[in-house]
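Encoded as structure tokens, the structure appears first; notes follow it.
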Amino acid sequence: MKEELTQALSRMLGKPITFVNQPDGAGLIIRTTSANASLGSEGFQLQSNATNTAITLSAQTDIGLLYGGFHLLRLMQTRQPLIQLNIHSTPKLALRLLNHWDNLNRYVERGYAGISIFNWHTLPGYIDQRYIDYARANASIGINGTVLTNVNANAWILTGDYLQKVKALADVFRPYGIKVYLTARFSAPIEMGGLSTADPLQPQVQQWWQQKVKEIYTLIPDFGGFLVKANSEGQPGPQDYKRTHADGANMLADAVAPYNGIIMWRAFVYSHETPEDRFKQAYNEFKPLDGQFRKNVMVQVKNGPIDFQPREPFSPLFGAMPQTPLMMEFQLTQEYLGQGTHLVYEAPMFKETLDADTHINGKGSTVTKSVSGIAGVANIGNDINWCSHPFAQANWYALGKLAWNPAQSSETIAEEWIRQTWSNKTTVVNTCKQIMLQSREAMVNYMTPLGLHHIMGNGHHYGPLPWGNTLPRADWNPVYYHRADSAGIGFNRTATGSNALAQYHPAAAAAWADSNTCSSEYLLWFHHVSWQHRMPTGRSLWQELCFRYNQGVAQVRTMQQQWQQLQPYIDKERYTQVQLMLGIQQREAVWWRDACLLYFQQFSQQPIPAQYEKPAHTLEYYQNLKFPYAPGNG
Ligand code: GCU
């Protein structure tokens with residue numbers, strides 16, 4: 001910790017700093033104290049008074065000191081006064097993780113920032129400085145765990161050679177309070193162990209995992225545990241043997257329990273056989289299993305019921321499994337959010353879910369209260385600036401900050417990040433904040449306004465494809481989700497439709513149940529409404545759709561103008577990078593608007609109101625665009 005402070009402070013202040021032992025000396029007093037138990041194993045305290053030039057940083061552990069040290073640096077870098085400090089900070093959530101969807105060949109699934117930073121081939125012999133910087137960056141925002149491998153990865157990471165590599169990384173990350181976790185392919189006992197089955201109730205399968213786990217903990221005594229994607233999108237799992245998700249999770253949980261390991265078992269499942277609304281499937285599968293999981297199993301639930309869309313209602317599983325600790329899974333990498341080139345600050349989206357009221361234990365039962373940890377699917381790659389788009393790092397930053405304290409506002413987090421990343425100048429801070437805070441709503445408007453969802457390109461999910469209807473599974477096709485026809489548009493999930501609404505507490509469902517009172521943001525998630533449906537703005541549904549798509553484009557153009565005003569204050573390289581990417585975002589927003597409006601117009605049979613720009617091309621033109629090499633998709 002002293003090393004971090006010395007390095008940063010001598011750069012910030014231009015002179016070496018002194019560490020002192022006595023409260024009356026001038027400098028920084030650092031102490032580990034067992035006196036203040038309320039700080040726990042990760043908390044810290046920063047204190048100073050009005051006259052004293054000394055600042056006292058205390059914590060119960062080295063990691064607490066490290067977090068406190070980073071906090072102090074942040075105060076300085078964001079130009080906060082250092083007198084009369086009385087900060088007492090502890091994390092609100094115990095598990096604050098990144099999930100890398102990185103493969104051993106360094107290909108990052110849904111990655112838009114280069115290849116994986118983990119160079120497995122040169123590990124364990126070569127320790128890239130990047131591993132250390134990665135740990136420092138994560139520790140500076142409170143992240144305390146990382147899953148190194150893709151949820152879809154094969155079992156190779158569990159071989160002896162690779163475990164040596166994992167150990168090397170774990171050794172680098174340990175001083176920064178970061179535990180490593182791995183994904184566990186459920187069929188590993190067959191693929192690696194030569195067994196004929198991976199049935200979780202078979203003793204030889206259980207023994208195979210126990211042995212493997214022992215091997216891991218011998219190398220990495222503080223190994224965190226496993227993240228598992230089972231019986232989902234073709235991955236093997238306990239249901240292959242007619243066992244339940246609980247049987248599978250518990251078998252692994254028993255193997256890691258003697259070492260205090262945990263299992264994060266993903267709820268992202270939708271069956272091959274059931275024709276049931278995909279929205280409902282995770283809940284149907286997992287809700288009945290509440291109470292059947294071991295204590296060290298966490299069920300990891302994506303923020304919404306479908307799949308990281310620009311806007312989703314919160315997953316009905318939050319609050320619905322009171323006996324099972326839940327992890328929240330957010331996606332930092334922008335698979336459905338403009339991928340590598342769109343500026344989208346995700347904190348408002350994370351907050352929308354965290355602050356949503358499940359009503360499970362009465363009013364004020366926020367989603368936050370139902371989770372014990374937060375994981376973010378990482379947007380990191382080996383690009384020189386880590387996340388490719390200069391603003392994408394804000395999403396990594398926000399994830400750490402919100403996992404530490406979900407009550408922080410998106411605005412505060414944005415401001416902190418801007419001051420540390422761009423400048424403390426008021427114009428820069430205010431303008432960047434405006435750009436960031438409107439970016440997510442802009443993206444929803446130009447991609448999927450009014451509750452539209454999953455109308456992106458097949459496979460790579462790049463660009464609009466509302467006409468998509470060629471994939472073998474109905475629920476992979478955009479037409480399944482928007483259901484546009486001559487009568488109207490939207491997915492009826494009320495009692496007269498799939499009744500997904502019934503999965504929510506009645507008080508939460510009430511807000512969405514009636515198409516006349518359901519907020520416009522979620523309308524087409526829950527209702528199939530006519531093109532003439534009267535919106536709260538007084539416009540018809542069709543007019544509102546045209547308005548929103550155009551508003552999205554206008555918002556991006558505003559973002560471009562705002563960015564231009566910052567040219568005098570930003571270095572040329574980063575200024576140009578953002579400017580060019582905003583150019584792409586603007587063109588793609590126009591593409592989204594025109595392709596979607598032309599397509600939906602076939603059903604609404606109404607003109608695009610005269611005040612709006614006319615599409616530059618025909619619908620056929622957009623339908624013929626192909627992107628076989630769009631990134632992130634294998
Ligand atoms: C999405 C994504 C996949 C990913 C899956 C998951 O469907 O497109 O690449 O594997 O989510 O979360 O497991």
Side-chain angles (χ1 to χ4, degrees), residues 97-113 115-116 147-154 157 181-187 226-237 239 245 248-249 263-272 278-279 281-282 285-286 298-310 312 315 317 326-340 346 353 374-381 399 447-448 453-463 465 468 471-478 480-481 627 630-634:
L97 267 63
L98 287 185
N99 287 182
H100 286 270
W101 285 1
D102 296 17
N103 293 303
L104 299 188
N105 64 3
R106 301 188 75 181
Y107 184 79
V108 182
E109 181 160 330
R110 311 306 179 184
Y112 311 100
I115 58 172
S116 174
V147 183
L148 300 174
T149 43
N150 186 3
V151 287
N152 292 325
N154 61 27
I157 192 72
Y181 299 76
L182 295 174
T183 46
R185 186 166 157 90
F186 204 76
S187 51
F226 294 121
L227 170 67
V228 188
K229 173 174 178 177
N231 293 120
S232 162
E233 300 188 320
Q235 293 299 328
Q239 293 180 334
H245 282 284
I263 301 301
M264 291 165 291
W265 191 271
R266 296 178 84 230
F268 178 68
V269 299
Y270 52 100
S271 155
H272 278 288
R278 179 167 151 192
F279 185 118
Q281 295 190 31
E285 193 82 58
F286 278 87
M298 329 240 334
V299 170
Q300 182 159 313
V301 183
K302 288 189 183 184
N303 59 294
I306 301 290
D307 195 7
F308 300 136
Q309 295 302 296
E312 295 203 28
S315 162
L317 276 171
L326 301 184
M327 283 288 282
M328 165 69 72
E329 184 176 304
F330 287 127
Q331 196 183 43
L332 307 179
T333 192
Q334 295 168 230
E335 174 180 356
Y336 296 96
L337 273 56
Q339 306 192 343
E346 296 181 316
T353 305
I374 296 187
V377 178
N379 58 355
I380 298 165
L399 185 100
M447 280 190 189
T448 52
H453 49 282
H454 218 305
I455 56 172
M456 292 77 184
N458 286 340
H460 49 58
H461 301 149
Y462 170 68
L465 195 85
L471 295 180
R473 283 184 66 115
D475 57 7
W476 282 350
N477 285 312
Y480 171 89
Y481 293 98
F627 307 95
N633 188 33

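Just follow the structure's listing: the first ligand is 1, and inside any ligand the first atom is 1. For the numbers below, each heavy atom of this structure counts, side chains included, while hydrogens, waters and symmetry mates do not.
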Test item: side-chain donor near acceptor, [X] and [Y], under 3.5 Å:
| X | Y | value |
| --- | --- | --- |
| Q300 | N99 | yes |
| N379 | Q334 | no |
| Y481 | R278 | yes |
| Y270 | E233 | yes |

*Looking at ligand 1, does any of its N/O atoms fall within less than 3.5 Å of an N/O of W101?*
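For ligand 1, there is no N or O atom that lies under 3.5 Å from one belonging to W101.
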
* Quick check: does E329 get an N/O under 3.5 Å from an N/O on ligand 1? ->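 No; the residue has no nitrogen or oxygen that sits under 3.5 Å from a nitrogen or oxygen of the ligand.
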
With heavy-atom distances below 4.0 Å as the criterion, list the atoms of ligand 1 near [X].
| X | answer |
| --- | --- |
| D307 | 1 (C), 7 (O), 11 (O) |
| E109 | 3 (C), 4 (C), 9 (O), 10 (O) |
| F268 | 5 (C), 6 (C), 7 (O), 11 (O), 12 (O), 13 (O) |
| K302 | 1 (C), 5 (C), 6 (C), 11 (O), 12 (O) |

Query - Protein residue, atom and distance nearest to atom 2 (C) of ligand 1, heavy-atom basis - result: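 In this structure, atom 2 (C) of ligand 1 has E335 OE2, 3.3 Å as its nearest protein heavy atom.
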
Closest protein heavy atom (residue, atom, distance) for atom 10 (O) of ligand 1
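That would be N152 ND2, 2.8 Å.
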
- Item | Structural part of V377 in contact with ligand 1, heavy atom criterion under 4.0 angstrom |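 Neither; no heavy atom under 4.0 Å.
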
Point to revise | Candidate with minimal heavy-atom separation from atom 13 (O) of ligand 1, of H461, K229, Q331 | key: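 That would be K229.
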
Between R266, E233, Q300, M456, which one has a non-hydrogen atom sitting closest to atom 5 (C) of ligand 1?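 The nearest heavy atom belongs to E233.
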
Exercise. Mind listing the closest non-hydrogen atom pair of V301 and A267 along with its distance?
Key: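 It is CG2-CB, 4.2 Å.
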
